[in-house]
Amino acid sequence: MFVTEVLQVRHGVVAYGDRPVLRGVDLTVHGGEVVALLGANGSGKSTLIKAALGLVPLAGGEVRLFGTPLRRFRQWPRIGYVPQRLGAGGGVPATVGEVVAAGRLARRGWRPASSADKAAVTAAIESVGLADRVRDPVSTLSGGQQQRTLIARALAGEPELLILDEPTAGVDAASQETFAGALGDFVAKGGSVALVAHELGPLAPLIDRAVVLHDGLVAHDGPVPEPAGHHAHPEHDHVHPHPPHTPPSLWEAP
Amino acid sequence: MSIFAYQFMQYALLGTAITGLTAPALGVYLVQRRLSLIGDGIGHVALTGVGIGVLMHKSPVLVATVVAIIGAVAVEIIRERSKTSGDIALAILFYGGISGGVFLIGLSGASQGLNAFLFGSPLTISDADMVTIAVLGVAVLVVSIGLRPWLFAVCQDEEYAKVAGLPVRTLNVIVAVTAAVTVTTAMRSIGLLLVSALMVVPVATAQLVTRGFRTTMALSMALGLTSAVLGVVIAGPSDTAVGATVVLFAIALFLVVAVGSAGLRAWRRRSIPTGHPACDPPDVLLKVDR
């Protein structure tokens, strides 16, 4: 059976304790599509992708990955996950090469690394422009370079769907451009993408569709909305905490 | 004739050397996960196993291994579900373990042997102990080195490992069980209360100068082995607290490397060239209109 929905969340509900974070959200990513999840801090966008990956339990609704319900899904090599930042592990130094090689394990299984595995890791590191930093500890990299390391780790598994949590947050302009280039190459080869973003920056031309979350619900699903009000100002730097009850109309497409 | 021609000295050297290699090989995963003191807690729990073994006239090392594995898996379950009460639960488990051990050994009337388990007594390693230590030591090395890519992935970023489809819970239990086996392997040579030092200190020393995980693991094993051999050679012939001597050597190596690497960094910093930039800043930085 040919399935075009690579990621599907139907009426997803997630609560942390008594506090509902997602209150019935629908999200679909089709094969070859690039979908941006937008919304203010606390709107539930990061929670939505964590729920889609099974990292946060659903209190209601259903998730399907490549047409298979999450509970029975085992084809993890098809998915590349890029978390917001490097994990808590960091007591011991690790090189860029070692971190990226961990991303190959999904596809490599329990075999010793083959030459194809090593080539995929090298290619992933080159695609994000870190070839000269392979042997450097990740702790000595800038925030943007660490983010690119995490993207290389996801690419090393040669996934079909990339899921990225705020890949450009706090990342310098040069790293954002490199990242947009690597993502563009991935999409050109037929990959699908779901990414959480606070602002799109150089990624904007790659985005096919935007889903805007507000207060745990989908406020918009369609073309990328134009920034409105003070958000539209070029020097608006998005460091302010949004008020808890920004009216959804602010985000609606014109 | 050298004292190392005697079998008991050879056993002391071999048993302690095995601990010097295995403790950092497994400890590097605990340090990476910032669980440096878990080895100490497992040692506490293992003492209850020693007590049961002594009381039932079974091999204390083997019974302690079984009890330590149960304790380590319990620690892993508590860690996985850790809520606010997690460290309280660990405290109860650890102090329950050490009290249970002291109580049971007291019941057996052999409490004068308690120190040998707490602080090690490598000169009294028996033939049976030596075989157990060697077999368990090899098992620890096979797991720590053979499963390095997978254990590294889980200890470095557990969420990512889950999405990569790795059997995260199984790998975590493997780390916990191997930590327990490492502790009981070290029990006769370094002692239950000191083994944790060899899991942590050589790793801390190595990462002062290394840049990657693999090199940290290799260097920490070399440092652990060096401390173990030095400790037995210096303190063995007079049988004066061999375990403690090994740990003091490990700490001395840490201090030497810490001072040496800090000095080297300061010297390098002074030799960084200063002065004018090699080229002008790009236009984009100059065209800010306010």
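Each chain gets a letter, A, B and so on, in the order the sequences are listed, and its residues count up from 1. In this text, all values refer to a predicted model and were calculated from it rather than measured experimentally.
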| message | Before you tell me yes or no, could you show the steps for A:Lys50 and B:Glu159 under side-chain contact (heavy atoms from CB on, under 4.5 Å), namely the whole-Å CA-CA distance, both residues' side-chain angles and the distance that decides it to 0.1 Å? | response | CA-CA 10 Å; A:Lys50 285 200 166 154; B:Glu159 271 200 350; 3.6 Å; yes

| query | Looking at A:Arg153 and B:Asp157, what are the two nearest heavy atoms and their distance? | reply | NH2-OD2, 3.1 Å

| Exercise: identify the closest heavy-atom pair between A:Ala102 and B:Ala153 | CB-CB, 4.0 Å

| query | Roughly how far, to the nearest 0.5 Å, is NZ of B:Lys162 from CH2 of A:Trp76? | reply | 10.5 Å

| message | Distance check, rounded to the nearest 0.5 Å: B:Phe152 atom CZ versus A:Leu105 atom CG? | response | 9.5 Å

| task | Report, as yes or no, whether the 6.0 Å neighbourhood of atom CZ on B:Arg268 holds more than 12 heavy atoms from other residues, nucleotides or ligands. | result | no

| task | Might you confirm whether atom CZ of B:Arg214 has over 12 heavy atoms from other residues, nucleotides or ligands at distances under 6.0 Å? | result | no

Side chains of [X] and [Y], heavy atoms from C-beta outward: is any pair under 4.5 Å?
X	Y	value
B:Leu147	A:Trp110	yes
B:Gln207	A:Pro93	yes
B:Phe213	A:Pro137	no
A:Arg108	B:Pro149	yes

| Among A:Ala94, A:Pro112, A:Ala106, residue most engaged with chain B (heavy-atom pairs, under 4.5 Å) | A:Ala94

| request: Tell me, out of A:Leu55, A:Thr95, A:Val82, who's got the most heavy-atom pairs with chain B below 4.5 Å. | output: A:Leu55

| query | For A:Arg135, is it the side chain, the backbone, both or neither that has a heavy atom under 4.5 Å from a heavy atom of chain B? | reply | backbone

| field | B:Thr216, part contacting chain A, at a heavy-atom distance under 4.5 Å | value | side chain

